[in-house]
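Order of listing sets the numbers, starting from 1, for every ligand and every atom in it.
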Amino acid sequence: MERIVTGDQMQLLDKYTIEEMGVPSLVLMERAGLSVFEAIKKEGFSLNKILILCGSGNNGADGVVLARLLHLAGYCTDVCILGKPEKFTKEMQKQIDIGKNYGISFVKSFHISEYTVIVDAVFGVGLSREITGNLKEIILELHKFQGKIVAVDIPSGICSRTGKILGCAVKADLTVTFAYGKTGLFLYPGAEYAGKVVIADIGIYAKPEILPKPEIFTYTKGDLKEIRRKRDGNKGSFGKILLIAGSKDIFGAAYLSGMAAMKTGAGMLKICTHKENKVLFSCFPEAMLLCYEDDENITKELSEGFQWADVIGIGPGIGLGKQAESLLDTVLSQGTKPLVIDADAIGMLKGRTEQLKNYPNEVILTPHLGEFSRLTDISIKKWKENPIKITQEIAKTLSVVLVCKDARTVISNGDKNIYLNLSGNDGMASAGSGDVLTGMILSLLAQGKDGLKAACLGVYLHGAAGDLAAKRKGRAAMLAGDLIDAAGQILDEV
Ligand SMILES: NC(=O)C1=CN([C@@H]2O[C@H](COP(=O)(O)OP(=O)(O)OC[C@H]3O[C@@H](n4cnc5c(N)ncnc54)[C@H](OP(=O)(O)O)[C@@H]3O)[C@@H](O)[C@H]2O)[C@@H](O)CC1
Ligand SMILES: [K+]
């Protein structure tokens, strides 16, 4: 698990390192400049002539350090200061003075076509408002640049907290960011502008207690070790899932969800579905079936299923009709085991939020943003303006683990930590992908993970499987079913 920070949190970490730990800000800056220098060389860009654009703040000062290091290493480097002198920080003024002593080249104007690399050190985490005027024109001009663009800390114009574009933004090929990844580098559209992100250690240190909540984390491949199989386990110890999925003539969602659960290690699976879906018997013999007819009341059979199961899932493909509502009501009123609610079942939750809050065990909700918006009356646009805070608040209000599915899925149980998922790609935005995720989360719950862990690991695994499937099949051609086999391989490798 790795920490991610907002720009505001980063500024507090910088301040603490400087004021409480006593590391001079010029020392941090020297390491910042050096780490960009090393990252650029490692990337193998053509370094025939480099232009460094600097603002008035400390992001600009990092740029001047970098210019000095490149100049001393023999690279032809120009610096253009775009910020106003009256706004220079004392570090910026100091770096300019040092740079002049070393004879680095300061230019007042430039033609982008003369350069092979342009470094953006205009704004970092101190960007506080929309970029306008002359600066905006320069940044838009950079969009035509044919060479490589390197951003220092964050591309100028990207809000370091939300990833929003403030007026305009630099489109980088490489961003070298300091100490921790910034949320704005991972949330869209910021992620699209950041290019490859390299996180450089520059010696920032602070007690996590000083950080304002929520603290933000992301899961990585190493965390999947937590779901290594026990060599001496049996089908009982890997957990039993009751999955209420599919409806008349809709069996794909039940199949994908159930298959994802079994193929990521669950011990046993019973699928409750309409009898028309008996085709599941022939193509998925490993699953047990509990079938119902049109309008049949199966409360008794479901109750027995709740006793048998370790975890319950409801939603994929169940439809929005009366029978689906009755199934959901039975689960909410009689279920006692950890519960995953997805898809159509989320659509029916409006008006049932009290029952949801009173459910006697953990509940995981996995809405995509449309479902989230219909359930909460919060528009998608509003969520995107502050995904971290809104996800945390709604998780708390509903007393659930909330998985808000988007290009960057956000997960919270309403507590002080929040999780941002960085695995996955746009090839996963296709039918059935959500059903597969539900199956994976159910599987991890069944194998004994608590709701938050199962959600975070499930979402990470789902995305990592998407990345492997994309490598194998291509982002456009991959299907939801491809994620299932890819996930199996990933789990085997950890
Ligand atoms: N602290 C440290 O010691 C370390 C910091 N480090 C580095 O410093 C960066 C943070 O530095 P920072 O805090 O000085 O802010 P920075 O991003 O340079 O911008 C502030 C300037 O921009 C201006 N400005 C803002 N928005 C604007 C707009 N739309 N249009 C026009 N102007 C605008 C703003 O003006 P003002 O708002 O005051 O009018 C101010 O002049 C960080 O990302 C990292 O790279 C590392 O070296 C490690 C050690
Ligand atoms: K920058």
Side-chain angles (χ1 to χ4, degrees), residues 5-37 39 51-66 68-69 81-96 118-139 142 149-161 164-185 190 193-195 197-206:
V5 296
T6 62
D8 297 347
Q9 289 178 328
M10 192 63 226
Q11 283 179 319
L12 287 174
L13 292 170
D14 284 346
K15 191 164 178 283
Y16 188 93
T17 309
I18 295 162
E19 291 177 5
E20 303 298 321
M21 305 310 290
V23 182
S25 120
L26 289 175
V27 171
L28 296 175
M29 209 161 263
E30 196 69 20
R31 288 187 68 177
L34 184 60
S35 66
V36 183
F37 174 70
L51 173 67
I52 305 185
L53 301 175
C54 299
S56 313
N58 285 347
N59 194 253
D62 293 342
V64 184
V65 173
L66 173 67
R68 167 165 42 85
L69 298 174
I81 311 268
L82 300 174
K84 294 184 185 132
E86 62 271 23
K87 291 236 168 162
F88 286 173
T89 56
K90 63 179 188 317
E91 289 88 346
M92 177 59 173
Q93 189 56 61
K94 183 83 187 159
Q95 294 302 349
I96 291 175
I118 295 181
V119 177
D120 156 34
V122 183
F123 303 121
V125 295
L127 179 75
S128 57
R129 57 191 178 276
E130 294 227 330
I131 299 176
T132 54
N134 191 29
L135 261 180
K136 183 170 179 174
E137 278 171 33
I138 292 173
I139 287 176
L142 291 186
I149 297 192
V150 179
V152 175
D153 212 14
I154 187 162
S156 298
I158 297 297
C159 170
S160 57
R161 182 170 56 85
K164 251 178 87 170
I165 296 167
L166 297 180
C168 63
V170 170
K171 270 190 189 158
D173 297 283
L174 169 72
T175 297
V176 184
T177 198
F178 307 128
Y180 300 104
K182 315 295 177 300
T183 41
L185 292 174
Y193 281 68
V197 176
V198 171
I199 300 171
D201 175 15
I202 61 164
I204 298 291
Y205 172 82

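The single protein non-hydrogen atom nearest to atom 7 (C) of ligand 1 is Asp62 OD2, 3.1 Å, given as residue, atom name and distance.
Within the coordination shell of the K ion (ligand 2), defined by N, O or S atoms under 3.4 Å, Gly124 is absent. Put simply, Thr175 stays out of reach of the K ion (ligand 2), with no N, O or S atom under 3.4 Å from it. The nearest N, O or S atom of Val122 is not closer to the K ion (ligand 2) than 3.4 Å. Note on Pro155: not counted as a metal contact of the K ion (ligand 2), no N/O/S atom lying under 3.4 Å.
Assignment of Ser128 to the shell around ligand 1 is supported, since a heavy atom sits closer than 4.0 Å. In this structure, Lys84 falls outside the shell of residues with a heavy atom less than 4.0 angstrom from ligand 1.
Counting heavy atoms closer than 4.0 Å to ligand 1, residue Asp14 contributes side-chain atoms (C-beta onward) but none from N, CA, C or O.
The N, O or S atom of Asp120 lying closest to the K ion (ligand 2) is O.
In this structure, atom 23 (C) of ligand 1 is in close contact with the protein, since a protein heavy atom lies within 4.0 Å of it. Protein heavy atoms come within 4.0 Å of atom 31 (C) of ligand 1.
Between Val152 and ligand 1, no N or O atom pair is found at a separation short of 3.5 Å.
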N/O donor to acceptor pairs below 3.5 angstrom from side-chain atoms of residues 18-25, sequence neighbours left out:
| residue | atom | partner | partner atom | Å |
| --- | --- | --- | --- | --- |
| Glu19 | OE1 | Lys15 | NZ | 3.4 |
| Ser25 | OG | Glu91 | OE2 | 2.7 |

